[in-house]
Amino acid sequence: MLMTTKPMFDLAYGGGFGIGAFNVNNMEITQAIIEACAAEKSPCILQVSKGARKYANMRYLKAMIDAAVAENPGIPIAIHLDHGDTVDLVKTCINDGFTSVMLDGSHQPYEENVKVSAEAVKVAHAAGVVVEAELGMLGGIEEDVVGKNAEDYAKNLEKFLTDPKQAADFWKRTGIDSLAVAIGTSHGAFKFKDEAKLAFNRVEEIMKTCPGLPLVMHGSSSVPQEFINLVNKYGGNMPNAKGVPEDQIAMAVRKYGVCKVNIDTDLRLAMTAKIREVFATKPAEFDPRNYLGPARSAITEMVKRKLHMLNSAGKSEAVIKQWQKLGQPMPSYYKKTAA
Ligand SMILES: [Zn+2]
């Protein structure tokens, strides 16, 4: 069931769980995520990045997401633009049927970030679409979103974290629906040199200055060592890959106002490890179904593991009820198509 993230975050904030936001790039990944959510009765956010639009073509992605929604009427699903960089892209996505968009102006000077985020909110809210913005600086690299390198990031962490007072000012002046915060997470598979530690005190401070504002954690893959070992065992080369420990993410969604957790790297890792294993153990195999199929199953298992970590398993029905209680709000795109 398609919806915005509003009914999801209404329940997740203070409800002891978080919504997983998973990036879709092709059919197998889309199917794997939805299959896991259906099995676990969990709501989810399917995110499309600018890179995914370029790689797969939005028409194909949209058709796959529509199929996933139609096949799973009991699963609350939001379609979200990940790291939108211009208001024009936000408009395009609203016209493509997204229910949620991100405008990431965090790499621009503060006043510029306020300006573009407020503009995105104006455009999106007029169409019934919700907006996520970002404040602070993450480490690592994600497609064309380049943060700080691990060493520099760890050394100057305080400087890059989201400023709680600024967050309050930002919320007031933009009217955003959720805020991606820098609290020590990082994009990619090589997040940290040492053990990662999230700045929970910073999250508490932001919750005090911005009471009720759903917070978003980007770069929240945990890069499980057993998958790195598999990749390396079957011919890969990913030394020193490190992520955010799962118990820290579990704590962030259970105890704090973190409502959305972005996970992409771990799905890629599961997929890559499985494909490498098939290639290494069955060198004669050349039917794509026989390596993409097992890869899809590996992603499903990874997503299930994440849904339990986020404590969102079993929450579908409650989210649908909340959506109904809100009067079943839908972006104008869907009202138009239904008419
Ligand atoms: Zn991100």
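Atom CG of Asn72 is separated from atom NZ of Lys41 by 11.0 Å, given to the nearest 0.5 angstrom. Here the straight-line distance linking atom OH of Tyr256 with atom CD of Glu204 works out to 4.5 Å at 0.5 Å rounding. With values rounded to the nearest 0.5 angstrom, Glu134 atom CD is found 9.5 Å from Phe170 atom CZ. Atom-to-atom distance recorded for Phe17:CZ and Lys315:NZ is 5.5 Å, nearest 0.5 angstrom. Distance check: Glu28 CD to Tyr291 OH gives 10.0 Å after rounding to the nearest 0.5 Å. Taken to the nearest 0.5 Å, the NE2 atom of His218 stands 11.0 Å off from the CD1 atom of Ile183.
The pair Arg305-Glu226 meets the salt-bridge criterion, with a side-chain N (NZ, NE, NH1 or NH2) lying under 4.0 Å from an Asp/Glu carboxylate O. The existence of a salt bridge linking Lys6 and Asp10 is confirmed by a sub-4.0 Å separation between a basic side-chain nitrogen and an acidic carboxylate oxygen. Residues Glu205 and Lys208 are not paired through a salt bridge, judged by the lack of any N-O separation under 4.0 Å between the basic side chain and the carboxylate. Ion pairing between Lys122 and Glu119 fails under the 4.0 Å rule for side-chain N and carboxylate O. A salt bridge does not link Lys115 to Glu111: none of the charged side-chain nitrogens sits closer than 4.0 Å to a carboxylate oxygen.
Lys306 has its side chain within reach of Asp266: a pair of non-hydrogen atoms, C-beta onward, lies under 4.5 Å apart. Residues Met251 and Asp247 fail the side-chain proximity criterion, which asks for heavy atoms closer than 4.5 Å. Residues Met271 and Met302 form no side-chain contact, since every pair of their non-hydrogen atoms from C-beta on lies 4.5 Å or further apart. Within the 4.5 Å cutoff, side-chain heavy atoms of Val48 are placed close to those of Ile65. At a threshold of 4.5 Å between non-hydrogen side-chain atoms, the residues Tyr333 and Asn95 do not count as touching. Within the 4.5 Å cutoff, the side chain of Leu267 has heavy atoms near those of the Phe22 side chain. No side-chain heavy atom of Ile75 sits less than 4.5 Å from a side-chain heavy atom of Val69. Side chains of His308 and Glu40 form a contact here, defined as non-hydrogen atoms less than 4.5 Å apart.
In this structure a side-chain-to-backbone donor-acceptor pair under 3.5 Å is present from Thr162 to Ala182. Checked by atom type and distance alone, the side chain of Thr209 pairs as donor or acceptor with a backbone atom of Ile206 at under 3.5 Å. Side-chain atoms of Asn311 come within 3.5 Å of backbone N or O of Gly16 as a donor-acceptor pair. Distance alone, capped at 3.5 Å, is enough to place a donor-acceptor pair between the Tyr13 side chain and the Gly212 backbone.
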Stepwise side chain to side chain contact (heavy atoms under 4.5 Å, CB included) test for Leu269 and Met238: CA-CA 10 Å; Leu269 264 182; Met238 297 184 72; 3.9 Å; yes
If you apply the rule side chain to side chain contact (heavy atoms under 4.5 Å, CB included), what do you find for Met3 with Met8, and how did you get there? CA-CA 9 Å; Met3 58 182 68; Met8 301 180 185; 4.1 Å; yes
Could you give me the CA-CA distance, side-chain angles and deciding distance for Asp85 and His107, then say whether side-chain hydrogen bond (donor to acceptor under 3.5 Å, both in side chains) is met? CA-CA 10 Å; Asp85 53 356; His107 295 263; over 6 Å; no
Decide side chain to side chain contact (heavy atoms under 4.5 Å, CB included) for Asp163 and Leu135; before the verdict, give the C-alpha distance in whole Å, the side-chain angles of both, and the deciding distance to 0.1 Å. CA-CA 8 Å; Asp163 181 300; Leu135 199 55; over 6 Å; no
Take Met64 and Val24 through the side chain to side chain contact (heavy atoms under 4.5 Å, CB included) test and state the conclusion after the steps. CA-CA 10 Å; Met64 283 188 302; Val24 297; over 6 Å; no
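Transitive grouping of hydrophobic side chains (ILVMFWY, heavy atoms separated by less than 4.5 Å) brings Trp171 and Tyr110 into a common cluster. Residues Val216 and Ile79 do not share a hydrophobic cluster, clusters being chains of Ile/Leu/Val/Met/Phe/Trp/Tyr side chains in contact below 4.5 Å. The hydrophobic cluster containing Ile275 does not contain Tyr55, counting ILVMFWY residues as joined when their side-chain heavy atoms lie under 4.5 angstrom apart, directly or transitively. At a threshold of 4.5 Å between side-chain heavy atoms, the hydrophobic network of Ile, Leu, Val, Met, Phe, Trp and Tyr places Met27 and Val303 in one connected group.
Asn262 and His187 share no donor-acceptor pair across their side chains, judged by distance under 3.5 Å alone. A side-chain donor from one of Gln47 and Asn23 sits under 3.5 Å from a side-chain acceptor of the other.
Summarising the geometry of Val258 relative to Val261, their closest heavy-atom pair is CG1-CG2, 3.9 Å, with the distance given to 0.1 Å. Shown here for Asp264 and Ser221, the closest heavy-atom pair between the two residues is N-OG, 3.6 Å. Contact detail for Ala120 and Val131: the closest heavy-atom pair is O-CG2, 3.9 Å. Residues Pro331 and Val129 come closest through the heavy atom pair CB-CG2, 3.8 Å.
In Glu317, the CD atom is not crowded: 12 or fewer heavy atoms of neighbouring residues, nucleotides or ligands sit closer than 6.0 Å.
Considering Arg53, Lys62, Arg59 as possible partners of Asp96, the one that fulfils the salt bridge (charged side-chain N to carboxylate O under 4.0 Å, His left out) test is Arg53.
Ring centroid separation for the pair Tyr234 and Phe279 does not come in under the 6.0 Å cut-off.
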